[in-house]
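One-based numbering, in listed order, for ligands and for the atoms of each. Hydrogens, waters and symmetry mates play no part in the numbers below; they use all other heavy atoms, side chains included.
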Amino acid sequence: MQTKEITEVTEAQIAVHWQEEEYYYPSIEFIAQANMTDESIHERFSLDNFPECFKEYADLLTWDKYWHTTLDTSDAPSWKWFVGGRLNVSYNCIDRHLEKYQNKAAIIYVPEPEEETQQVLTYRELYVRVNEMAALLRDFCGLQTGDRVTIHMPMTPELPITMLACARLGLIHSVVFGGFSGKACGERIADSGSKVLVTMDSYYRNGKLLDHREKADVAVQIAANDGMEVEKVLVWQRYPGEYHSENPMVEERDFFVNDVLKNYRGARVEPVSLPAEAPLFLMYTSGTTGRPKGCQHSTGGYLAYAAGTSKYIQDIHPEDVYWCMADIGWITGHSYIVYGPLALAASSVMYEGVPTFPDAGRAWRIAERLNVNIFHTAPTTIRMLRKAGPDEPEKYNYRFKHMTTVGEPIEPEVWRWYYEVVGRGEAAIVDTWWQTETGGFLCSTMPGFQPMKPGSAGPAVPGIHPIIYDDEGNEVPTGSNVAGNICIQNPWPGAFQTIWGDRERYVKQYYERYCKNPESKDWRDWPYLTGDAAVQAPDGYYRILGRIDDVINVAGHRLGTKELESACLVVPQVAEASVVPVADDLKGKVPDIYISLKPNVEPSREVEDAVVAAIVDNIGKIARPKHVYIVPDMPKTRSGKIMRRVLASISNGTDIGDVTTLANPEIVETIRKMVQGEEEVDFFG
Ligand code: WT7
């Protein structure tokens, strides 16, 4: 018998076993008020009407100069939308609402400590504060249109104020999630070439006022090692006038924003009129190689797409109180806390802290107090709230008309709790599938006229035309429930423009695999590879199975296995590291780490701890592994490739499959016993 060498199979090839779920229909009340109940929208946005259909989204914005070309493909696959048009994002999110809504809440901020009252920023107040901050960035920092600014901040109103101030001037912001380490921030400063870092001294998380400013010193140092000198560090104070950090301010480099702003009181800054394709921001995300990549998003296309999807899929009306409980440091927060909702003159709620602080009723108390009627969160949070207080929602008097789940697949069981208990069987749910790169939703039901199906993201949203390919590039038959690599056939306005400073990687990673002709300027030749595996049911609904590349999705946040592995290798005793996703009740997936040690090094608890510390230092607490296993050797193919898939099966207790053709098959059983051994799972634990 011929033995075939084992190679790593993709997620797409993993069999799927689940049953079809029943439909749930939106209520009459929801339909009666929905922004979109016209089923012909999918027809209007069909491929026959592409790309002109997206005029409908562009027309939600106010243009200084109207555009002449809907889609320019001459630089394929970097697509240019609404070419010839000029606009300003801060104008679209603030100024244009003033006449009608100046006194309406734009941002409602809820601090974590319950005794601190919420703050309401009206559109007028947002206008004043964004103008003053823009004046400071321009005149005090000397920043000019096109310069990058890294913002490493927690969830406080000063974060969107800073973002919108950047947008007013055409500065490209790069917001780094506040929970990330100083080192992760420093790498992103260096990659983006930011001369200015905006941060905050401290913030509340789980009842503790954390020192955040200390990370800035690490960040500046890391950036300097990489050749990027940060000129100014702007430090907002969580409590103006008080400084809560162990690290002293650095003279000539660090400035308290609240102090400097006094010189700009009442300043007004004319919004800079920018070409539609000018970059608005960078959002770093993990890829298959160690280095995070800066997804570059545009001004006109991005805002049009964020506004359009916020209106028709989030069903936001100006009268609604909309609460997306994500962090603005992720793309969800950019598109669906800040830019989309504000472009529609909504009232957007921001919460500083942990959803279960000080108890499992907190989220529902906020909803009750503010009369929130649209609620948006991730499966990981839903699982956490369900575990911490399954009956809590009933105790509070709120009423949601619409709820969103985003970031990872949601188990039908959890979906039903969300629907029945949180949404009281009244709220329409959208399960929105998309990515940092895509700027806005790709798949979701249209809440006003398409039924929900637990565990399925739904059909593609208007103007998005997915196609599922197998590994050989054959199209998987439509509606066949056969798994494959889901791609998008056509460009859309929200799509990122490139990877900052690395177009080659952009083309290679997202377009090369199924490209029909690399010379082509026709978008039909450039399907976009999402990196997810999916199946499509006969009713057209897509179910997302997970990533096909080496990315672990922890609690809706994406971590590159390579990034984690390189952090492990920082520990001097570690020879090899392999990181695999392991199922976790709350977070969906968490990393399990396998390491082998250098010769003559004995396994010890210290090494395990050092690996965990390295992960937390280099990436952040979010990446904290579930276990660290010190193994005598890694299972490898004969070509020396570590078989992650085998390790993942061991961690998850699933079928390991045939390993006889490995270079060292005997190691598999040794590791399995070590990990699954009856007595102890974590053998130093
Ligand atoms: C990856 C993108 C989109 C904002 C949050 C995450 C997974 C996202 C869903 C969903 C199943 C989902 C995919 C995707 N994902 N939404 N509704 N159902 N999986 O953004 O960090 O760029 O991660 O998250 O695997 O590729 P991101």
Close approach of [X] to ligand 1, heavy atoms, under 4.0 angstrom:
X      : result
Pro409 : yes
Gly531 : no
Thr432 : yes

| said: What verdict does the salt bridge (charged side-chain N to carboxylate O under 4.0 Å, His left out) test give for Glu565 and Arg644, after you've listed the backbone C-alpha separation in whole Å, the side-chain angles of each residue and the deciding distance to 0.1 Å? | reply: CA-CA 12 Å; Glu565 288 165 6; Arg644 270 212 202 84; 3.0 Å; yes

Starting from [atom], locate the nearest protein heavy atom and write down its residue, its atom name and how far away it is, to 0.1 Å.
atom                    : value
atom 23 (O) of ligand 1 : Arg558 NE, 3.3 Å
atom 1 (C) of ligand 1  : Asn553 ND2, 3.8 Å
atom 2 (C) of ligand 1  : Trp434 O, 3.6 Å
atom 6 (C) of ligand 1  : Gly556 O, 3.7 Å
atom 25 (O) of ligand 1 : Asp532 OD1, 2.7 Å

| field | Lys183-Asn618 side chain donor-acceptor pair, cut-off 3.5 Å | value |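 Yes.
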
| said: Determine whether the aromatic ring centres of residues Tyr24 and Trp415 are separated by less than 6.0 angstrom. | reply: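 Ring-ring flag for Trp415/Tyr24: true, centres closer than 6.0 Å.
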
| request: Indicate, with yes or no, if the rings of Phe400 and Tyr418 have centres closer together than 6.0 Å. | output: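 No, they do not, as the ring centres are separated by 6.0 Å or more.
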
Can you list, pair by pair, the side-chain donor-acceptor contacts under 3.5 Å of residues 493-500, counting residues two or more places apart and other chains?
residue : atom : partner : partner atom : Å
Gln497  : OE1  : Gln296  : NE2          : 2.8
Gln497  : NE2  : Glu277  : O            : 2.9
Trp500  : NE1  : Asp191  : O            : 3.3

If you measure every N/O of [X] against every N/O of ligand 1, is any gap under 3.5 Å?
X      : answer
Gln435 : yes
Thr285 : no
Gly407 : yes

| query | Which of these, Leu442, Thr332, Ile548, Leu545, has its nearest heavy atom closest to atom 5 (C) of ligand 1? | reply |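 Answer by nearest heavy atom: Thr332.
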
| query | Nearest to atom 9 (C) of ligand 1 by heavy atom, Arg543, Glu437, Glu408: which? | reply |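 The option holding the nearest heavy atom is Glu408.
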
| request: Take the angle between the ring planes of Phe180 and Trp330 and call it parallel below 30°, perpendicular above 60°, tilted in between. | output: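 Perpendicular: the ring planes of Phe180 and Trp330 meet at over 60°.
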
| In terms of the angle between their ring planes, are Tyr339 and Tyr302 parallel, tilted or perpendicular, with boundaries placed at 30° and 60°? |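 Rings of Tyr339 and Tyr302: perpendicular, as their planes differ by over 60°.
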
Compile the donor-acceptor pairs under 3.5 Å between side chains in residues 579-589 and protein atoms, sequence neighbours left out, one pair per line.
residue : atom : partner : partner atom : Å
Asp584  : OD1  : Leu586  : N            : 2.9
Asp584  : OD1  : Lys587  : N            : 2.8
Asp584  : OD2  : Lys626  : NZ           : 3.0

| Which segment of Thr436 sits under 4.0 Å of ligand 1 when only heavy atoms are counted |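 Both backbone and side chain of Thr436 come within 4.0 Å of ligand 1.
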
| field | More than 12 heavy atoms from other groups under 6.0 Å of CD on Glu413 | value |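 Counting neighbours around CD of Glu413, 12 or fewer heavy atoms of other residues, nucleotides or ligands fall under 6.0 Å, so no.
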
| Going by the order shown, which atoms of ligand 1 are within less than 4.0 Å of some heavy atom of Ile331? |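 So the answer, numbered in order with elements, is 4 (C).
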
| task | Test Glu411 against Arg383 for salt bridge (charged side-chain N to carboxylate O under 4.0 Å, His left out), laying out the working first. | result | CA-CA 10 Å; Glu411 303 78 359; Arg383 287 185 212 112; 3.2 Å; yes

